[in-house]
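Given the structure is predicted, the values throughout are model-derived calculations rather than measurements. In listed order, ligands and their atoms are each counted from 1.
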Amino acid sequence: MQSISTLRRLASIISDSVDTMERVYASSDVPLPSLDEPFNPQDPAEALRQEPEVSNAVKNLMAAAAQISTTVCDPMRFAVNTSRAFHLSSCLLVVSNLNIAEILREAGPKGATAEDIAAPSHANPNLIARILRLLATHHIFREVSPGVFANNRVSSTLDKGKSLSVLNSNHKDRFIGSSGIAALVEHGADIGGKSGVYLADSMLNADGVIPFKLAYRTEEEFFTWLHQAENSHNATRFGVAMQGTAETEPSDLIFQGFDWDLLPHNGTIVDVGGGIGHVSLTIACKYPHLRVVMQDLAPSIELSKKYWRENFPEHISKQMVKFQVHDFFSPQPIKEAAVFLLRYIIHNWSDDQAKAILHRLRVAALPTTRLVILEKIVPFASVEDLEASRTKEISGAFRPSAEYPLLPNWGPATADLYLYDLNMHVLLGGVERTLEGFWDLLEPAGWKLVEVHHCGGSQLSQLVAIPV
Ligand SMILES: C[S@@+](CC[C@H](N)C(=O)[O-])C[C@H]1O[C@@H](n2cnc3c(N)ncnc32)[C@H](O)[C@@H]1O
């Protein structure tokens with residue numbers, strides 16, 4: 001009986017969420033995008049997903065639908081299917097490498113046969129059909145008639161936005177100028193996937209060696225390996241993939257927290273481990289009176305110069321942006337920073353390494369310097385005792401949890417957080433942290449966490465700290 005009442009409650013969460021979405025989309029006079037149509041980021045309906053009412057309804061709906069499906073499914077089948085889920089990621093890697101989303105974009109809504117899809121790469125058409133059928137069964141691509149496939153909403157996000165002739169003539173540079181989602185998918189399915197399958201080996205047989213090192217038979221740390229000359233294609237893909245992470249977030253996310261208006265004219269933002277620099281470039285476009293120092297390892301700095309030249313050359317010609325090769329484990333050379341900005345840095349490192357990076361910044365900080373960290377803050381899958389938390393006094397720290405009987409963290413609707421966490425571990429020995437986890441790093445490194453902003457429509461949060 002308990003289970004039936006739970007099912008009914010989950011069904012009514014789904015029904016209420018659909019009502020909310022119907023009302024909001026109708027009042028804005030835009031239809032909900034169809035799963036069968038390619039994704040169009042310019043469609044005003046896509047912007048509606050960021051509305052808090054809609055994003056909450058979506059989260060409830062996803063969590064309740066997943067919970068209903070797991071509740072009623074044969075549990076043995078659920079466990080076995082989950083153990084084979086890695087095939088999905090390998091299939092996505094094939095699809096991106098063979099430019100199948102682009103072939104199907106050019107084929108249009110009628111789609112293309114597996115033979116036509118396989119022809120440019122001389123792949124086996126039967127195998128292509130089986131790969132696409134597995135994905136279509138998971139709502140990635142459509143099998144419009146037996147053996148004929150077309151793009152749908154999800155598969156079209158892999159489109160690198162270039163013609164097939166351009167892609168075929170230069171496979172190596174296929175991601176440059178793309179939205180970054182294909183690069184993010186390939187990076188995750190390729191290096192993440194290969195490393196991930198070594199997780200158990202690394203724990204059971206290899207004394208905790210990072211799975212990436214086992215998979216790639218290397219002694220090097222991930223970033224050292226990535227920046228070796230023979231891996232330059234992986235480094236380029238990684239740089240574009242980082243930009244792809246921003247594509248999955250609201251475009252104004254960086255302005256949803258720390259108040260950049262507070263910075264003085266000519267104030268310097270140091271983008272520590274800034275990659276190509278897309279985040280500080282977004283800030284500088286809105287606040288051109290702010291200076292930027294891009295810091296990263298040498299190969300990333302070269303990519304960053306190119307990215308800024310293409311996207312904001314004025315800031316370069318006005319000498320408002322400086323490119324500096326800098327290892328963040330060595331003393332920080334910029335002593336007058338208004339902000340040290342770290343996006344997706346701390347999660348790459350173990351606690352001791354992360355504290356070392358933060359300490360280098362603290363030594364170089366002025367009393368007015370602010371540390372702005374953009375990272376995911378991981379909630380527990382259980383109910384939390386907020387009153388007992390050491391972080392309860394921090395402004396903005398509170399985050400609501402899902403209503404019963406949903407899991408408090410919305411379960412699979414927030415799976416990205418936990419997938420990222422293990423991705424960090426298998427590649428780098430890194431970790432996505434709880435809020436208390438951040439507190440425990442910042443305090444010994446001489447920083448006091450004063451504000452947290454949970455950005456709407458995203459799982460990324462901003463943490464602001466001051467020197468103590
Ligand atoms: C996950 S990426 C984040 C890039 C960028 N902040 C973003 O959000 O797009 C991590 C960055 O740290 C850089 N990195 C790794 N080790 C470093 C080191 N020792 N010193 C400086 N940068 C480093 C990498 O090259 C990479 O660009």
Six-ring centre of Phe255, Lys286 cation under 6.0 angstrom, axis tolerance 45°:
yes
Within 45° of the six-membered ring axis of Tyr420 and under 6.0 Å from that ring's centre, is NZ or CZ of Lys376 located there?
yes
Should Arg362 and Thr369 be marked as a side-chain hydrogen bond (donor to acceptor under 3.5 Å, both in side chains) after you check the CA-CA gap, both sets of side-chain angles, and the distance that decides it?
CA-CA 9 Å; Arg362 174 63 189 87; Thr369 302; over 6 Å; no
Tell me the protein heavy atom at minimum distance from atom 27 (O) of ligand 1, and give that distance in Å.
Asp296 OD2, 2.7 Å
Tell me whether Glu221 contacts the main-chain N or O of Phe223 through its side chain, where contact means a donor paired with an acceptor under 3.5 Å.
no
Main-chain N/O of Thr391 paired with Trp439 side-chain donor or acceptor, under 3.5 Å:
no
Side-chain H-bond candidate by donor/acceptor type, Asn151 with Ser156, under 3.5 Å:
no
Atoms of ligand 1 under 4.0 Å from any heavy atom of Ser300, numbered from 1 in the order shown, are 25 (O), 27 (O)
With heavy atoms of Asp327 as the reference, note each atom of ligand 1 found under 4.0 Å away.
18 (C), 19 (N), 20 (N)
Distance from atom 1 (C) of ligand 1 to nearest protein heavy atom, with residue and atom
Tyr344 O, 3.1 Å
When distances are taken from atom 9 (O) of ligand 1, the protein heavy atom at minimum range is His278 NE2, 2.8 Å
Would you mind listing which atoms of ligand 1 come within a distance below 4.0 Å of any non-hydrogen atom of Asn348?
1 (C), 10 (C)
Taking heavy atoms and a distance under 4.0 Å, where does Leu226 meet ligand 1: side chain, backbone, both or neither?
neither
What atoms in ligand 1 come closer than 4.0 Å to a heavy atom of Arg343?
3 (C), 5 (C), 6 (N), 7 (C), 8 (O), 9 (O)
Are any of the side-chain nitrogens in Lys160 or Glu102 under 4.0 Å away from the carboxylate oxygens of its partner?
yes
Could you tell me which atoms of ligand 1, counted from 1 in the order shown, lie closer than 4.0 angstrom to a heavy atom of His326?
20 (N), 21 (C)
Under 3.5 Å, is there a donor-acceptor pair between the Ser389 and Glu436 side chains?
yes
For Asp190, is there an ion pair with Arg237 - N to carboxylate O distance below 4.0 angstrom?
yes
Which residue and non-hydrogen atom of the protein lie closest to atom 11 (C) of ligand 1, and at what distance in Å?
Gly273 O, 3.5 Å
Does ligand 1 have any atom sitting under 4.0 Å from a heavy atom of Gln295?
no
Please state whether Trp349 comes within less than 4.0 angstrom of ligand 1, counting heavy atoms only.
yes
Going by the 4.0 angstrom heavy-atom rule, the piece of Phe223 near ligand 1 is side chain
Let me see the working for Trp349 and Phe329 under ring-ring contact (aromatic ring centres under 6.0 Å, His included), right down to the final yes or no.
CA-CA 11 Å; Trp349 303 97; Phe329 290 105; 4.9 Å; yes
By number and element, which atoms of ligand 1 are closer than 4.0 Å to a non-hydrogen atom of Ile345?
10 (C), 11 (C), 12 (O)
Has the side chain of Asn231 got a donor or acceptor atom that lies under 3.5 Å from a matching backbone atom of His227?
no
Non-hydrogen atom of Gln243 closer than 4.0 Å to ligand 1:
no
Among Met242, His227, His347, Glu375, closest by heavy atom to atom 2 (S) of ligand 1 is Met242
Need the ligand 1 atom indices (1-based, order shown) with element for anything under 4.0 Å from a heavy-atom of Phe238.
1 (C), 2 (S)
Could you find the nearest protein heavy atom to atom 17 (C) of ligand 1 and give me its residue, atom name and distance?
Phe328 CZ, 3.2 Å
